[in-house]
Visitor: 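One structure is given below, represented as structure tokens, and several questions about it will come after.
No hydrogens, no waters, no symmetry mates; every other heavy atom, side chains included, goes into these values.
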Amino acid sequence: MVDEHGARDGTGLLAAASAVGEEAGEGAEAVALALLTLGIRARDERDHLRAGRLFELASEATVGMGDVPLWVRARALLGGLYRAQGSYREAEEVLREALAAAEEAAAVPGSMRIDVCNELGILFKYTGKFDEAKSFYERALTLLEGNSVSDQRAAASLHHNLSGLAHSRGDFAAAVEPGRRAIAIRERALGPDHVEVALDKAALAPVLIELGELDEAETLLTEALATIEETYGPEHYETGVALGNLAALAYRREDYTRAEELFDRCLRLKEQALGTGHPELAVTLNNLAALAGRHGDPDRARALWQRAVTILVASVESGHPLLGTVRRGLETLGPKDSA
């Protein structure tokens, strides 16, 4: 019996790439580009194993060609995939390789350097290396300002990410301006109803919740969720993220029953998209644990916080704020009763 995913081996993937490459043109470059196209398609379909293998094959294909820009693109895509999977150490290694090559080769376009710096910024935000994250985001903005071709979507993404970094650091006031700028830039570039604008709104809302601007946060989240569900469907990861932010809003308004219901849905959608051990689950596990403690269920709170600790210690810096929050939550429960 042949496994239905047997075509993930290198021979099958190269055959598929060759078929696509024939449509794009002849030669090794066409095959490498086809591998990247197939990899991006697999990534977007959340077939990460296949996507990773395709990006690796594309990297290998470009080495013999001496095409540094194409190699950098392949490595950047692979690093971004590792980061999305929660494989942070592997992501850092690959992305630093890509950046070093991009800086040494004049043929690598500025837009590619911007992409790699942005990916490194995202990675370091997640791992808790906040100063490095800010450095890479600002470096990407500097490169963008010096680029001969204006890229409004890239500018919006960088401001979105700077807002998210300030949010992660707990500097909520500093997160507002870049968050609003991201929305404004993206609306001008894509129109107010585009899903990327909705994602910007969904990201700004939790900042406003922390600042007590609950009505504006609710308006942003309601608008964003409608667009996200219409675009991606009710079972998508981004739908789960928006539901998690609505849960935080309900919690702030002391509607704990609704908050728990929404956090449960958020966790289910994140697990469905990312697996059960991904670092991005930790924030939702922490929120559910806090609710369980409030409801007088210390056993459930302990299990949720312990799961979050297990996930985080394997992937983030020891001083990461979320890891500290989770550990403090466990401490409030005291030692487990062994009776």
Visitor: Ala76: what forms a side-chain contact (heavy atoms from CB on, under 4.5 Å) with it, not counting sequence neighbours?
Guide: Val116

Visitor: At their closest point, which heavy atom of Leu269 faces which heavy atom of Leu243, and how far apart are they?
Guide: CD1-CD1, 4.0 Å

Visitor: Given the rule that I, L, V, M, F, W and Y join up when any side-chain heavy atoms are under 4.5 Å apart, are Leu33 and Leu78 in one cluster?
Guide: yes

Visitor: Scan Arg180, His159, His160 and name whichever one has a side-chain hydrogen bond (donor to acceptor under 3.5 Å, both in side chains) with Asp200.
Guide: His160

Visitor: Report the residues that fulfil ring pair (Phe, Tyr, Trp, His ring centres under 6.0 Å) with His236, sequence neighbours left out, ordered by chain and then residue number.
Guide: Tyr232

Visitor: Decide yes or no for Leu141 and Leu162: does some side-chain heavy atom of the first lie under 4.5 Å from some side-chain heavy atom of the second?
Guide: yes

Visitor: If Ile, Leu, Val, Met, Phe, Trp and Tyr residues are connected whenever their side-chain heavy atoms lie under 4.5 Å apart, and connections chain through other members, are Leu220 and Val195 in the same group?
Guide: no

Visitor: Which hydrophobic side chains are connected to Tyr237, either touching it within the sub-4.5 Å cutoff or through other members that do?
Guide: Val241, Leu274

Visitor: Measuring only between side-chain heavy atoms, which start at C-beta, is Gln272 closer than 4.5 Å to Arg46?
Guide: no

Visitor: Going by side-chain contact (heavy atoms from CB on, under 4.5 Å), name the residues that satisfy it together with Val326, two or more places apart in sequence or in a different chain.
Guide: Asn286, Trp305, Ala308, Val309, Leu312, Leu322

Visitor: Who passes salt bridge (charged side-chain N to carboxylate O under 4.0 Å, His left out) against Asp215, sequence neighbours left out?
Guide: Arg253

Visitor: If we only count heavy atoms from C-beta on, is the His295 to Glu260 side-chain gap below 4.5 Å?
Guide: yes

Visitor: Begin with the C-alpha distance, continue with both residues' side-chain angles, and end with the deciding distance and a verdict on ring pair (Phe, Tyr, Trp, His ring centres under 6.0 Å) for Tyr251 and Tyr256.
Guide: CA-CA 5 Å; Tyr251 187 93; Tyr256 301 123; 5.2 Å; yes

Visitor: Side-chain contact, heavy-atom cut-off 4.5 Å: Arg307 with Thr276?
Guide: yes

Visitor: Under a 4.5 Å cut-off applied to non-hydrogen side-chain atoms, are Phe130 and Glu317 in contact?
Guide: no

Visitor: Whether Lys134 and Asp171 form a salt bridge (side-chain N of Lys/Arg under 4.0 Å from carboxylate O of Asp/Glu) is what I want to check.
Guide: no

Visitor: I want to check something: taking the side chain as every heavy atom from C-beta on, are Leu211 and Glu216 in contact at a cut-off of under 4.5 Å?
Guide: no

Visitor: By side-chain contact (heavy atoms from CB on, under 4.5 Å), which residues pair with Glu60, not counting sequence neighbours?
Guide: Arg53, Leu57

Visitor: Atom OH of Tyr88 and atom CD1 of Ile122: how far apart are they, to the nearest 0.5 Å?
Guide: 10.5 Å

Visitor: Is the side chain of His167 donor-acceptor paired with the backbone N or O of Leu204 at a distance under 3.5 Å, no angle test?
Guide: no

Visitor: To the nearest 0.5 Å, how far apart are CZ in Arg188 and CD in Gln152?
Guide: 6.5 Å

Visitor: Taking the hydrophobic residues Ile, Leu, Val, Met, Phe, Trp and Tyr, and joining any pair whose side-chain heavy atoms are under 4.5 Å apart, which ones share a cluster with Ile185?
Guide: none

Visitor: Looking at Glu132 and Lys125, is there a salt bridge between them, counting it only when a charged N and a carboxylate O are closer than 4.0 Å?
Guide: no

Visitor: Mind checking whether Val108 and Val63 sit in one hydrophobic cluster, side chains of I, L, V, M, F, W, Y counted as touching below 4.5 Å?
Guide: yes

Visitor: Applying salt bridge (charged side-chain N to carboxylate O under 4.0 Å, His left out), which residue pairs with at least one partner in residues 227-245 are found, sequence neighbours left out?
Guide: Glu235-Arg268

Visitor: Output all residues satisfying salt bridge (charged side-chain N to carboxylate O under 4.0 Å, His left out) with Glu90, sequence neighbours left out; order by chain, then residue number.
Guide: none

Visitor: Pair Ser315, Arg89 - check side chain to side chain donor-acceptor pair (under 3.5 Å), show working.
Guide: CA-CA 8 Å; Ser315 55; Arg89 292 181 181 85; over 6 Å; no

Visitor: Can you find a heavy atom in the side chain of Cys117 that is under 4.5 Å from one in the side chain of Leu99?
Guide: yes

Visitor: Are any side-chain N or O atoms of Thr222 and backbone N or O atoms of Thr219, one a donor and one an acceptor, separated by less than 3.5 Å?
Guide: no

Visitor: Step by step, work out the salt bridge (charged side-chain N to carboxylate O under 4.0 Å, His left out) result for Glu196 and Lys201.
Guide: CA-CA 9 Å; Glu196 291 182 22; Lys201 291 179 177 179; over 6 Å; no

Visitor: For Glu92, what residues pass the salt bridge (charged side-chain N to carboxylate O under 4.0 Å, His left out) criterion, not counting sequence neighbours?
Guide: Arg96, Lys129

Visitor: Grouping I, L, V, M, F, W and Y whenever their side-chain heavy atoms are under 4.5 Å apart, do Leu291 and Leu249 come out in a common cluster?
Guide: no

Visitor: Mind checking the CG-CZ spacing from Leu143 to Arg113? Nearest 0.5 Å is all I need.
Guide: 7.5 Å

Visitor: Answer with yes or no whether the hydrophobic clustering places Ile114 together with Phe136; edges join I, L, V, M, F, W, Y residues whose side-chain heavy atoms lie under 4.5 Å apart.
Guide: yes

Visitor: Return the CG to CG distance between Leu214 and Leu221, rounded to the nearest 0.5 Å.
Guide: 10.5 Å

Visitor: Heavy atoms, side chains only, cut-off 4.5 Å: are Leu330 and Arg327 in contact?
Guide: no

Visitor: When you measure from the side chain of Thr310 to the backbone N and O of Gln306, does any donor-acceptor pair fall under 3.5 Å?
Guide: yes

Visitor: Considering non-hydrogen atoms only, spot the tightest contact between Ile311 and Gly277 and give its length.
Guide: CG2-O, 3.7 Å

Visitor: Residues in side-chain contact (heavy atoms from CB on, under 4.5 Å) with Asp255, at least two apart?
Guide: Ala250, Thr257, Arg258

Visitor: Is it the case that atom CZ in Arg186 sees more than 12 heavy atoms from other parts of the structure closer than 6.0 Å?
Guide: yes

Visitor: Any idea which heavy atoms bring Ala91 and Gly79 closest together, and the distance?
Guide: CB-O, 3.5 Å

Visitor: Compare every heavy atom of Ala202 with every heavy atom of Ile228, then report the nearest pair and how far apart it is.
Guide: CD1-CB, 4.5 Å

Visitor: Looking at every heavy atom in both Asn118 and Ala140, which two are closest together, and how far apart are they?
Guide: N-CB, 4.4 Å

Visitor: Rounded at 0.5 Å granularity, tell me how far CD in Glu218 sits from CG in Leu208.
Guide: 12.5 Å

Visitor: How would you list, by chain and number, every residue that makes a salt bridge (charged side-chain N to carboxylate O under 4.0 Å, His left out) with Glu177, sequence neighbours excluded?
Guide: Arg181

Visitor: For Ser59, is there any backbone N or O sitting under 3.5 Å from a side-chain donor or acceptor partner on Thr62?
Guide: yes

Visitor: Counting heavy atoms not belonging to Arg265, are there more than 12 under 6.0 Å from its CZ?
Guide: no

Visitor: Tell me whether the NZ or CZ atom of Arg83 lies within the 45° cone about the ring axis of Tyr126 and under 6.0 Å from its centre.
Guide: no

Visitor: Between atom CG of Leu49 and atom CG of Leu81, what is the distance when rounded to the nearest 0.5 Å?
Guide: 9.5 Å

